[in-house]
Structure formats: C-alpha cells, structure tokens
Q: 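Before we start, here is the structure in question, set down as structure tokens.
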2 protein chains.
Amino acid sequence: MSIRVMLVDDQVLLRTGFRMVLAAQPDMEVVAEAGDGVEALEVLRSTAVDVVLMDVRMPKLDGVETTRRICAEPGAPKVLILTTFDLDEYAFSGLKAGASGFMLKDVPPAELLGAIRSVHSGDAVVAPSTTRRLLDRFSPMLPSSGKEPEHKGLERLTDREREVMMLVAQGLSNGEIAARLVLSEATVKTHVGRILTKLGLRDRVQVVVLAYETGLVRAGGGAL
Amino acid sequence: MSIRVMLVDDQVLLRTGFRMVLAAQPDMEVVAEAGDGVEALEVLRSTAVDVVLMDVRMPKLDGVETTRRICAEPGAPKVLILTTFDLDEYAFSGLKAGASGFMLKDVPPAELLGAIRSVHSGDAVVAPSTTRRLLDRFSPMLPSSGKEPEHKGLERLTDREREVMMLVAQGLSNGEIAARLVLSEATVKTHVGRILTKLGLRDRVQVVVLAYETGLVRAGGGAL
DNA sequence: GTCCGGATCAACCGTGGGGTCGATCCTTGG
DNA sequence: CCAAGGATCGACCCCACGGTTGATCCGGAC
C-alpha cells in the first residue's frame with residue numbers, strides 16, 4: 001500500500017513542486033494539503049494520513065505547535081519538519097514536539113523521498129547524536145519546560161546570506177563568490193561576516209563543517 | 001547464510017582488528033586471509049568467498065592487479081578496496097579493475113560493515129558520480145588504456161599529514177592543532193602547506209570540502 | 001509620510017594563513 | 001657509511017580574511 005502523504009505549507013508553489021515529485025513515485029500519494037496549521041488539523045480529522053510534510057513558518061498556527069497537537073493524538077501520523085535553512089529553535093522545537101525528523105527544503109528529491117520512507121517505517125531522519133550535538137551547540141537557551149521558544153536564540157539567516165553560505169561551503173573564496181553572484185567583494189565580505197556572527201562561528205572553515213554536519217550540503221553534491 | 005569474507009592485507013595487526021570486528025557480526029564470517037596478492041589468488045582457488053577486503057599497498061602483487069585477476073574469473077567474489085587515505089590512482093585503478101567500491105581504513109566499524117553488506121548485495125559503496133568527479137579531479141593522467149598507472153600522479157600523504165588533515169577538516173586552526181598534537185605552530189603550518197600542495201588544493205577550506213566529499217570525515221562524526 | 005530591515009558597497013586595520021627557504025634530528029635502507 | 005625521506009622548528013613575506021564603521025538604496029510595514 002502506498003504511503004499517504006499530506007503537505008502543509010503556506011507557499012502554494014512549493015506544495016506544487018513537492019506534489020509533482022511525489023506523484024512520480026509508485027509508493028506514495030498526496031492525499032491532502034493545507035496552507036496553515038489550523039487547516040491542517042481540520043483536514044486531518046477527516047483524512048487518513050501516514051506522513052505529514054510540515055513547514056515550520058506558517059500563518060495562524062506555526063509548524064511546531066501544529067506538530068505538537070498532531071502528535072498528541074493517538075495513532076497520529078509521522079511528521080517530517082521542512083525548513084529552508086533554519087537550524088533555529090523552530091526546527092528543534094519541532095523534534096521536541098514529536099516530529100520524526102527534519103529536512104531542508106532544498107535537498108535533492110531523492111533525499112526527500114528517502115526521508116519520507118524512513119519516517120514512515122519508524123526511523124528518525126536525523127541521527128539522534130547529531131540532533132543532540134546541534135541542540136547543545138545552537139540552543140543553549142531551550143526553556144526545557146516547553147513554554148514559548150523565546151525567539152531570542154539564533155538570528156535567522158536571510159535568503160541572500162544562505163545563498164552565500166552555500167558557496168562558502170563549497171570552498172569558494174570571497175572573490176569567487178562575488179564573481180559568481182555578480183557582486184562586489186565588499187558585499188560578500190559583509191554577508192560572510194554576518195553569517196559568522198549569526199551562527200556563532202569563527203571562520204569560513206567552520207561554516208563548511210557546519211554545512212556538512214547539518215546536511216545543508218552533503219557529500220556527493222558536486223562541490224569539487 | 002552468512003557472508004564469507006576474506007581479508008587481504010600485509011599488516012597482520014590490521015587483519016586482526018578487522019577479524020575481531022567481523023567476528024562480532026552474526027551475518028559475517030572471516031573464512032580466509034592473505035598477506036599479499038599471490039597468496040590471495042592461491043587461497044581463492046580452494047575457498048569459497050563472497051567479499052574480499054583488499055588493501056592496495058601490498059608486496060609481490062599489489063591490490064589493483066590482484067583485484068583485476070580476481071574479477072577476471074567467472075563467479076568472482078566482490079572486492080572492496082581498502083585504503084589508508086589514498087584517493088590516489090591506486091584506489092581508482094582498483095575500481096577500474098573491477099572492484100565494487102573502496103573505503104578508508106579508518107572509517108567507523110559500522111560503516112565498514114554496512115559497506116560489506118552493500119557490496120555483497122551487489123551495490124557499489126561509492127556513488128558513481130562521486131567517483132567520476134574525484135577521478136576527474138585527482139587523476140588527470142589516467143592512461144585510459146589500462147597500462148601501468150604511472151605512479152607520478154598524486155603524492156601520498158604521510159601518516160602525520162593525514163593526522164593533521166583530520167583536524168583541519170574538523171575546523172581547527174593551526175594553533176589549535178598545534179596544541180592538540182603538542183607541536184609548534186610552525187610545524188603544523190609546514191604540514192598543512194604540504195597537504196595543500198600534495199592534494200592540489202588552495203586553502204584549508206577546500207581541505208574540509210574534500211574531506212567530507214571523500215568520506216575521510218563524515219556528517220555526524222562529532223566535529224562540532 | 002516615517003521607520004525598519006535587507007542588500008549593496010567602501011575604507012580601514014590587525015591577524016591568521018599560505019608560500020618559501022633553510023635548518024636540525026631521526027630512522028630506514030642501500 | 002651515506003643517502004633519502006619524514007618530522008620538527010624558525011624566519012620571512014604577502015595577502016585573503018574577518019572586524020568595524022558608515023554610507024546609500026529600496027521595499028514593505030505602520
């Protein structure tokens with residue numbers, strides 16, 4: 001029997017993309033969609049779902065709280081948190097809320113499909129050790145008693161910064177990045193600097209390490 | 001039925017280590033060992049083997065040539081090339097000679113066991129794309145018509161250099177590496193410099209990328 | 001309108017890192 | 001014995017990088 005997947009994301013375009021990818025799979029089908037958490041909970045009351053692909057950032061009810069409510073029900077579907085870059089308290093709170101794992105939205109489709117199957121079969125897609133380490137490293141402020149996550153923790157990276165970070169993670173110099181993005185080197189330096197302070201890292205070397213450890217980039221990605 | 005494994009390596013100690021690891025597995029057994037290629041071929045004539053763990057650097061007959069002869073036989077066992085660091089023409093020639101994959105000797109045992117099972121079930125342990133990229137990157141001198149590999153290609157890293165490289169790949173600065181290995185920073189710089197020239201890389205950032213891409217270190221390894 | 005965040009760029013400066021040369025000490029092997 | 005290679009360290013130079021400050025432009029929020 002195929003895996004019944006539900007998509008929860010406020011970006012329609014992104015849902016469409018995922019739906020097309022999943023439609024090509026013989027063992028998966030998208031049986032439901034929702035644009036926010038409230039809608040998701042509503043739909044779930046009347047639809048049998050195996051795996052929920054859940055965005056963290058949504059209007060009305062965010063992914064974390066939605067996940068918490070979903071997982072509170074007996075016989076709840078598995079929840080796979082999707083983030084753009086994050087590594088912020090949202091994603092980790094999602095795990096604490098009962099999600100089976102989290103993934104980056106820009107992973108190659110094969111990765112995502114594998115993750116869905118893993119989650120469906122009961123596995124977590126993030127190694128617990130990795131999670132723990134990242135938690136220790138990036139969230140020294142978790143309330144432990146699950147109140148509101150207190151957004152003060154990590155500052156989010158902007159889209160542009162994440163874009164730069166991808167290139168840093170591939171070993172490019174500031175000059176090369178500037179050329180690639182058609183920018184001045186000064187701008188690249190500004191971005192890199194902000195990335196370092198936001199993530200609490202020392203230099204671009206640690207950026208590469210972090211990128212690989214978190215799966216922002218992964219071995220075999222063509223970096224070399 | 002358990003996987004019948006053969007160990008081919010001139011280092012007795014290393015064979016012992018592997019044997020102990022494999023002995024702990026319910027689905028594997030070491031049915032043969034050999035200290036060089038000639039001995040390996042001889043033993044194989046009288047013993048049924050599923051997977052051969054083959055070192056590249058051996059006296060008499062090296063791993064590549066031994067692999068070639070093994071794979072030339074009908075019903076040949078799978079061959080998994082083992083290297084210390086390499087990435088040299090030996091390992092890749094091994095793949096061309098018919099090996100099902102190659103691994104680094106210092107991978108965690110679980111990785112090795114997984115690789116053995118993958119190879120046994122017919123999978124290659126190195127993604128073809130990765131192999132191709134690394135081939136392009138590191139062996140622009142392959143004769144294409146499989147003569148002697150012409151050892152002039154990459155210079156091998158020494159043990160010490162590889163040790164330093166591991167730490168570089170974890171994001172440590174020269175000073176931190178010096179402290180870790182109880183060395184002067186000057187020495188570390190010398191090692192790092194040699195690593196860069198030997199591998200044809202520009203800076204330590206690319207070392208990190210390479211280390212992750214080749215599996216020298218891998219995500220979840222505790223680097224952060 | 002104003003305010004704010006993001007993106008863009010510039011000038012400065014101190015330091016770490018990489019390149020080069022050279023030196024010493026040791027072990028291995030011919 | 002001597003040659004060769006590896007490991008260790010020092011001195012030198014240069015520059016890419018990271019930190020700081022400050023500026024401009026723009027679009028969205030209020």
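Residue numbers start from 1 in every chain, and the chains themselves are labelled A, B, ... in the order their sequence lines are given, proteins ahead of strands.
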Q: In whole angstroms, how far is the C1' atom of D:dA16 from the CG atom of B:L201?
A: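 After rounding, the gap between these two atoms is 17 Å.
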Q: Quick one: does B:L181's side chain get under 4.5 Å of B:L167's, heavy atoms only?
A: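 Yes, close enough: below the 4.5 Å cut-off.
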Q: Can you name the side-chain hydrogen bond (donor to acceptor under 3.5 Å, both in side chains) partners of A:E163, sequence neighbours left out?
A: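 So A:E163 forms a side-chain hydrogen bond (donor to acceptor under 3.5 Å, both in side chains) with A:R160.
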Q: How far apart are the closest heavy atoms of A:Q170 and B:V209, and which atoms are they?
A: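 Heavy atoms of A:Q170 and B:V209 come nearest at C-CG2, 3.8 Å.
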Q: Residues two or more places apart in sequence or in another chain: which of them pass salt bridge (Lys or Arg N to Asp or Glu O under 4.0 Å) with B:E176?
A: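 With neighbours one apart ignored, the set is A:R202.
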Q: Under the side-chain hydrogen bond (donor to acceptor under 3.5 Å, both in side chains) rule, collect the residues that match up with A:D36, sequence neighbours excluded.
A: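 Not a single residue meets the side-chain hydrogen bond (donor to acceptor under 3.5 Å, both in side chains) criterion with A:D36.
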Q: According to a strict under-4.0 Å criterion, is A:R204 in side-chain N/O contact with OP1 or OP2 of D:dG18?
A: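 The answer is yes; a side-chain N or O of A:R204 sits under 4.0 Å from OP1 or OP2.
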Q: Main chain of A:Q206, side chain of A:D203: is a donor-acceptor contact present, judged purely on distance under 3.5 Å?
A: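 Flag set: sc A:D203 to bb A:Q206 pair under 3.5 Å.
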Q: Tell me the interatomic distance from A:K198, atom NZ, to C:dA7, atom C1', rounded to whole angstroms.
A: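 These atoms are roughly 11 Å apart.
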Q: Which of residues 183-194 of chain B have a heavy atom under 4.0 Å from DNA chain D?
A: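 Per residue number, the list reads B:L183, B:S184, B:A186, B:T187, B:T190, B:H191, B:R194.
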Q: Residues two or more places apart in sequence or in another chain: which of them pass side-chain hydrogen bond (donor to acceptor under 3.5 Å, both in side chains) with A:R180?
A: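 Per chain and number, A:R180 pairs via side-chain hydrogen bond (donor to acceptor under 3.5 Å, both in side chains) with no residue.
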Q: Once you build an axis from the first five pairs and another from the last five of the helix from C:dG1-D:dC30 to C:dG30-D:dC1, how far apart in angle are they, to 10 degrees?
A: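 Here the local axes at opposite ends form an angle of 30°.
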Q: If you round to the nearest 0.5 Å, how far is CG of A:L80 from CD1 of A:I116?
A: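 A:I116 atom CD1 to A:L80 atom CG measures 7.0 Å (nearest 0.5 Å).
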Q: In whole angstroms, how far is the C1' atom of D:dG6 from the CD atom of B:E163?
A: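 Result: 14 Å.
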Q: Could you tell me which residues satisfy salt bridge (Lys or Arg N to Asp or Glu O under 4.0 Å) with A:E65, sequence neighbours excluded, listed by chain and number?
A: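 A:E65 satisfies salt bridge (Lys or Arg N to Asp or Glu O under 4.0 Å) with A:R68, A:R69 only.
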Q: Would you indicate, yes or no, if C:dG17 has its OP1 or OP2 atom less than 4.0 angstrom from a side-chain nitrogen or oxygen of B:N174?
A: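 The answer is yes; a side-chain N or O of B:N174 sits under 4.0 Å from OP1 or OP2.
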Q: Output the rounded distance in Å from CG (B:D159) to P (C:dC26).
A: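 Result: 20 Å.
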Q: Specify the residues of residues 175-182 of chain A, ordered by number, for which at least one heavy atom lies under 4.0 angstrom from an atom of DNA chain D.
A: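 Per residue number, the list is empty: none.
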Q: Quick check for you: to the nearest 0.5 Å, what is the distance between A:M54 atom CE and A:T67 atom OG1?
A: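 These two atoms lie 4.0 Å from each other.
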Q: Does OP1 or OP2 of D:dG19 have a side-chain N or O of A:T197 closer than 4.0 Å?
A: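 No.
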Q: For B:L196 and D:dA16, what is the distance between atoms CG and P respectively, to the nearest whole Å?
A: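 Taking CG of B:L196 and P of D:dA16, I get 16 Å after rounding.
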Q: A:R160 side chain: which of D:dG19, C:dA7, D:dA7 is closest?
A: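 Within the option list, the nearest is C:dA7.
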Q: Whole angstrom is fine here: how far is it from CG in B:L172 over to P in C:dG16?
A: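 Atom CG in B:L172 sits about 15 Å away from atom P in C:dG16.
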Q: When the distance from CD1 of A:I195 to P of C:dA7 is rounded to whole Å, what number comes out?
A: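 The answer, rounded to whole Å, is 10 Å.
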Q: Tell me every residue that passes side-chain contact (heavy atoms from CB on, under 4.5 Å) with A:T187, counting only those two or more places apart in sequence or in another chain.
A: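 Only A:L183, A:S184, A:H191 meet the side-chain contact (heavy atoms from CB on, under 4.5 Å) criterion with A:T187.
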Q: Rounding to a whole Å, what distance do you find between B:R202:CZ and C:dG18:C1'?
A: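 Between C1' of C:dG18 and CZ of B:R202: 12 Å.
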Q: Please check: side-chain N/O of A:N174 versus main-chain N/O of A:I177, any donor-acceptor pairing under 3.5 Å?
A: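 Not a single qualifying donor-acceptor pair exists.
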